[in-house]
Amino acid sequence: MKPFLVAANWKMHGRKDMLKTWLEAFSQADIFHQQRGSLDKVGLILCLPAVYIEYARSLIDSLNLTANLRLGVQDVSKFGEDGAYTGEFSAAMLKDIGCESVIIGHSERRQLMGETDEVCADKFQQALAVGLSPIYCVGETLEERESGNDWAVISRQLSAIEGGTGFGDGLFSIAYEPVWAIGTGRNATPKQAQAMHVRIRAFLAEKLGQEKSSRVPILYGGSVKPDNAEQLFAENAVKGGLIGGASLKVAPFLDIVSALVKAKSEVA
Ligand code: PEP
């Protein structure tokens, strides 16, 4: 896994024509041509609605983007075996159609779909079991932050995924996404993000050991835009971003990627 990562979360947006336009523009970007090598340390993942995975796979392959863009989805079933689970998609099915990563525990799923820590943990284990790399989201509400309970919430969400086979081989990422910053236009300050990332890193080091945990990218998500990305990424514990609204158009998404490349260019 590369040390830095930017993941796009399209949520329930997009159509086939939008996806094609986005990927075609993406394949023409300077970052793959004039600025060769700038993505050596930066992984990119596009997380789409599940129905578009196969179409995206064929476009990514035909545009020769396979080495530069991984394909992710936004949910997976907590059930692993095939069976009577109407409407569900198993991790094995998603892998079968060319998916490589999955967002788990996004606050919209926790809040709107009632997903508990336990459900998120089951999904995390199902993804790891088939080699779909999870992006596990954690984050506190404004009320939890203001009452001083932010770390209690986040450490509880992190502890949930320790069960089962635990953290696997560390082939996952964590996205710190304060709920009050998602889609609100109000991002966490770089210092707030840094402080929480440092605590998450220490938690992982304790559970996984220094070496393995250092390979887990910890991303910040919540109203990242081209004009605030570089300051957020300049914080040394922030290893990338999970980008919602600003990923729907390729230009702002690539500006955010360039901000990460620039912010981390001095890091060995
Ligand atoms: C997200 O969807 O995870 C997210 C961070 O959204 P936005 O960038 O729009 O705040």
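Remember, predicted model here, so these are calculated numbers, not experimental data. Atoms within a ligand are numbered from 1 in the order they appear, just like the ligands themselves.
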Original post:
Mind checking whether Val73 and Glu100 have side chains closer than 4.5 Å, heavy atoms only?
Top reply: no
Subject >> Whether over 12 other heavy atoms sit under 6.0 Å from Met12 CE >> reply: no
**OP:** Establish, yes or no, whether the cationic atom of Lys16 lies under 6.0 Å from the six-membered ring centre of Tyr55 and within 45° of the ring axis.
**Re:** yes
Original post:
So which heavy atom in the protein is nearest atom 3 (O) of ligand 1, and how far is it from that ligand atom?
Top reply: Glu177 OE2, 2.7 Å
**OP:** Examine ligand 1 and decide if any of its atoms is less than 4.0 Å from a heavy atom belonging to Ala246.
**Re:** no
Original post:
Parallel, tilted or perpendicular: which fits the ring planes of Tyr85 and Phe79, with parallel below 30° and perpendicular above 60°?
Top reply: parallel
Subject >> Min N/O separation Val224 to ligand 1 under 3.5 Å >> reply: no
Original post:
Against heavy atoms of Ala181, which atoms of ligand 1 measure under 4.0 Å?
Top reply: 10 (O)
Original post:
Is Thr184 close to ligand 1, meaning an N/O of one under 3.5 Å from an N/O of the other?
Top reply: no
**OP:** Check whether any N or O atom of Glu108, backbone or side chain, sits under 3.5 Å from an N or O atom of ligand 1, and answer yes or no.
**Re:** no
**OP:** Measure the distance from atom 2 (O) of ligand 1 to every protein heavy atom, then report the residue, atom name and distance (to 0.1 Å) of the closest one.
**Re:** Lys11 CE, 2.6 Å
Original post:
Between the side chains of Asn149 and Glu140, is a donor N or O closer than 3.5 angstrom to an acceptor N or O?
Top reply: no
Original post:
When you measure from atom 1 (C) of ligand 1 to every protein heavy atom, which one gives the shortest distance, and what is it?
Top reply: His106 NE2, 3.3 Å
Original post:
Is there at least one pair of N or O atoms, one from Gly183 and one from ligand 1, spaced under 3.5 Å apart?
Top reply: yes
Subject >> Pairing of Lys78 and Glu88 as salt bridge, 4.0 angstrom limit >> reply: no
Original post:
Is the shortest heavy-atom distance from the side chain of Lys123 to the side chain of Cys120 under 4.5 Å?
Top reply: no
Original post:
Is atom NZ of Lys262 surrounded by more than 12 heavy atoms (other residues, nucleotides or ligands) closer than 6.0 Å?
Top reply: no
Subject >> Atom indices of ligand 1 within 4.0 angstrom of Asn9 heavy atoms, with elements >> reply: 1 (C), 2 (O), 3 (O)
**OP:** Within a distance under 4.0 Å of any heavy atom of Gly222, pick out the atoms of ligand 1 and give their elements.
**Re:** 5 (C), 10 (O)
Subject >> Atom indices of ligand 1, in the order listed, that fall short of 4.0 Å to a heavy atom of Leu242 >> reply: 3 (O), 5 (C)
**OP:** Find all atoms of ligand 1 within a distance of less than 4.0 Å from any non-hydrogen atom belonging to Ser223, and give their numbers and elements.
**Re:** 7 (P), 8 (O), 10 (O)
**OP:** Hey, can you tell me if Phe26 and Phe253 have their rings parallel, tilted or perpendicular (30° and 60° cut-offs)?
**Re:** tilted
Subject >> Numbered atoms of ligand 1 (with element) below 4.0 Å of Gly244, judged on heavy atoms >> reply: 2 (O), 4 (C), 6 (O), 7 (P), 8 (O), 9 (O)
Original post:
Which atoms from ligand 1 have a heavy atom of Gly245 less than 4.0 Å away?
Top reply: 7 (P), 8 (O), 9 (O)
Original post:
Should Asn9 and Ile243 be marked as a side chain to side chain contact (heavy atoms under 4.5 Å, CB included) after you check the CA-CA gap, both sets of side-chain angles, and the distance that decides it?
Top reply: CA-CA 6 Å; Asn9 175 17; Ile243 319 298; over 6 Å; no
Original post:
Has ligand 1 got any nitrogen or oxygen that is less than 3.5 angstrom from a nitrogen or oxygen of Gly221?
Top reply: no
